[in-house]
Amino acid sequence: MIEARHLRVLRAVAGTGSFSAAARELGCTQPAVSQQMKALEQSAGTPLLIRTGREMRLTQAGEALVRHAAGILAGLTAAEEEVAAIAGLRAGRVRLVSFPSGSSTLVPTALAAMRAAHPGTRISLVEAEPPRSVEMLREGDCDLALAFRYGGGAAGAAAEWEDLVVTPMLTDRLVGLVPEGHRLAGAERVGMAELAEEPWIAGCPRCRRHLVEVCEGAGFTPRIDFATDDYPAVVGLVGAGLGVAVLPELAVESVRAKGVSTLAVEPAVEREVVALTLPDLARVPAVAATLGELVRAAAR
């Protein structure tokens, strides 16, 4: 294998005409130059220099290698500079995927901080709910994923994510939503069993499954009249008097809750919001910096 350091020595020898002059230019000893030239010739499998007394000239193979060395070394230098820029956060990219309520609450603050601190780092954002967002991470379609798991399924989620780097962000409590004219409007808290006879508006598939589990734990099966992944639509349907719902606080925070009353739900229902990435990606400076800003945004 031809090494870049050997090519640099060959160019110096070709440019100066001797080992001693090349050694002075490179800041090393003449024996070191001679040793590296021997190693290069062994790698090439053919002589590269012809030595006649004090004179030295390139063979045809040596001329070809010097000709290519310029482009090779220039490309290597450019690559080193680009990697250094990425490592120093002067360049680079991060592909982020987030569930919608995270996109509208945590992500804007984090990305604004990243742009202020590292303007050369480009960050893209797409939305997806888990488990699709986790699949995107494993398939190489993103570098960092905001996801969530409910308390009752934490052990299963932990097993599902055991090959990933999991960074806890915050605990997001679910709140009940009822129309403003509802019999429970204005109450501070409500037991799930008190909503057993109500029509329900459900959210994303994972939230929907968890809603059914929570309601069955309270002794009833919810009658789900409407289901939508769109949180503003859930709030709008509740506000129009078409049913009740439970939503994460992050979702309610991201929506103008018009025509609805919010109340604490008993027993408490919580989901853990986390950031996920792959072990190798966690060491990429731009990904690590974005993750740090997301953690700080969640702490505010």
Side-chain angles (χ1 to χ4, degrees), residues 1-96 110-124 137-144 163-165 277-294:
M1 180 181 291
I2 295 174
E3 298 184 26
R5 61 193 178 97
H6 293 159
L7 291 180
R8 290 191 176 97
V9 171
L10 176 63
R11 289 192 67 198
V13 171
T16 61
S18 71
F19 284 0
S20 58
R24 287 193 297 272
E25 180 176 300
L26 295 171
C28 60
T29 64
Q30 182 175 331
V33 171
S34 178
Q35 184 179 11
Q36 292 194 50
M37 286 305 306
K38 287 179 182 178
L40 180 56
E41 288 183 326
Q42 287 176 354
S43 297
T46 186
L48 302 174
L49 296 167
I50 298 174
R51 305 163 184 84
T52 55
R54 293 185 177 181
E55 293 185 0
M56 189 173 296
R57 60 185 176 85
L58 295 169
T59 64
Q60 184 178 359
E63 289 175 350
L65 197 52
V66 167
R67 186 170 63 251
H68 286 288
I72 293 169
L73 294 173
L76 182 59
T77 298
E80 289 171 342
E81 290 177 352
E82 184 173 346
V83 170
I86 293 170
L89 296 176
R90 301 191 304 276
R93 68 168 187 176
V94 177
R95 297 167 300 164
L96 174 64
L111 298 198
M114 275 296 294
R115 176 169 290 184
H118 310 291
T121 299
R122 301 185 309 278
I123 303 177
S124 62
L137 179 62
R138 289 199 177 100
E139 291 167 1
D141 294 329
C142 70
D143 306 306
L144 194 57
D163 60 322
L164 304 175
V165 177
T277 191
L278 296 169
D280 288 342
L281 287 171
R283 296 193 293 269
V284 175
V287 174
T290 305
L291 179 57
E293 294 300 347
L294 286 167

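All of these numbers come straight from a predicted model, not from anything done at the bench.
Nearest heavy-atom pair, Ile2 versus Leu65, reported as atom, atom and distance to 0.1 Å: CD1-CD1, 4.1 Å. Closest of all the heavy-atom pairs between Leu49 and Arg51 is O-NH1, 3.7 Å. For the residue pair Gly140 and Arg95, the shortest heavy atom distance occurs at O-NH1, 3.0 Å. Of all non-hydrogen atoms in Pro47 and Ala61, the two that sit nearest each other are O-CB, 4.0 Å. When all heavy atoms of Cys28 and Val33 are compared, the closest pair comes out as SG-CG2, 3.7 Å. Of all non-hydrogen atoms in Ala288 and Ala282, the two that sit nearest each other are CB-O, 3.8 Å.
To the nearest 0.5 Å, atoms OG1 (Thr46) and CD (Glu41) are separated by 8.0 Å. Note that CD1 of Ile86 and CZ of Arg93 are 9.5 Å apart. Values are rounded to the nearest 0.5 Å. Residue Leu278 holds its CG atom at 10.0 Å from CG of Leu144, rounded to the nearest 0.5 Å. Here Arg8 contributes atom CZ and Glu25 contributes atom CD; the two are 12.5 Å apart, rounded to the nearest 0.5 Å. Atom CG of residue Leu58 and atom CZ of residue Arg67 lie 11.0 Å apart, to the nearest 0.5 angstrom.
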* To do: Would you sort out whether Asp163 and Arg138 count as a side chain to side chain contact (heavy atoms under 4.5 Å, CB included), showing the intermediate values?
  => CA-CA 10 Å; Asp163 60 322; Arg138 289 199 177 100; 2.7 Å; yes
* To do: Step by step, work out the side chain to side chain contact (heavy atoms under 4.5 Å, CB included) result for Leu48 and His6.
  => CA-CA 12 Å; Leu48 302 174; His6 293 159; over 6 Å; no
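Counting non-hydrogen atoms of other residues, nucleotides and ligands closer than 6.0 Å to CD of Glu80 gives a total above 12.
With Arg115 contributing its side chain and Ile123 its backbone, the two residues share no donor-acceptor pair below 3.5 Å. Side-chain atoms of Thr277 come within 3.5 Å of backbone atoms of Asp143 as a donor-acceptor pair (strictly under, hydrogens ignored). Looking at Thr290, its side chain does come within 3.5 Å of a backbone N or O of Ala286 through a donor-acceptor pair.
A heavy-atom distance below 4.5 Å is not found between the side chains of Val9 and Leu40.
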Solution key, residues 13-22 side-chain donor-acceptor pairs under 3.5 Å, sequence neighbours excluded:
{"residue": "Thr16", "atom": "OG1", "partner": "Ala12", "partner atom": "O", "Å": "2.8"}
{"residue": "Thr16", "atom": "OG1", "partner": "Ser18", "partner atom": "O", "Å": "3.2"}
{"residue": "Thr16", "atom": "OG1", "partner": "Ala22", "partner atom": "N", "Å": "3.3"}
{"residue": "Ser18", "atom": "OG", "partner": "Ser20", "partner atom": "OG", "Å": "3.3"}
{"residue": "Ser18", "atom": "OG", "partner": "Ala21", "partner atom": "N", "Å": "3.1"}

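Residues satisfying the side chain to side chain donor-acceptor pair (under 3.5 Å) test with Arg5, not counting sequence neighbours, are Glu3. By the side chain to side chain donor-acceptor pair (under 3.5 Å) test, Glu293 is found to be paired with Arg296, residues two or more places apart in sequence or in another chain being considered.
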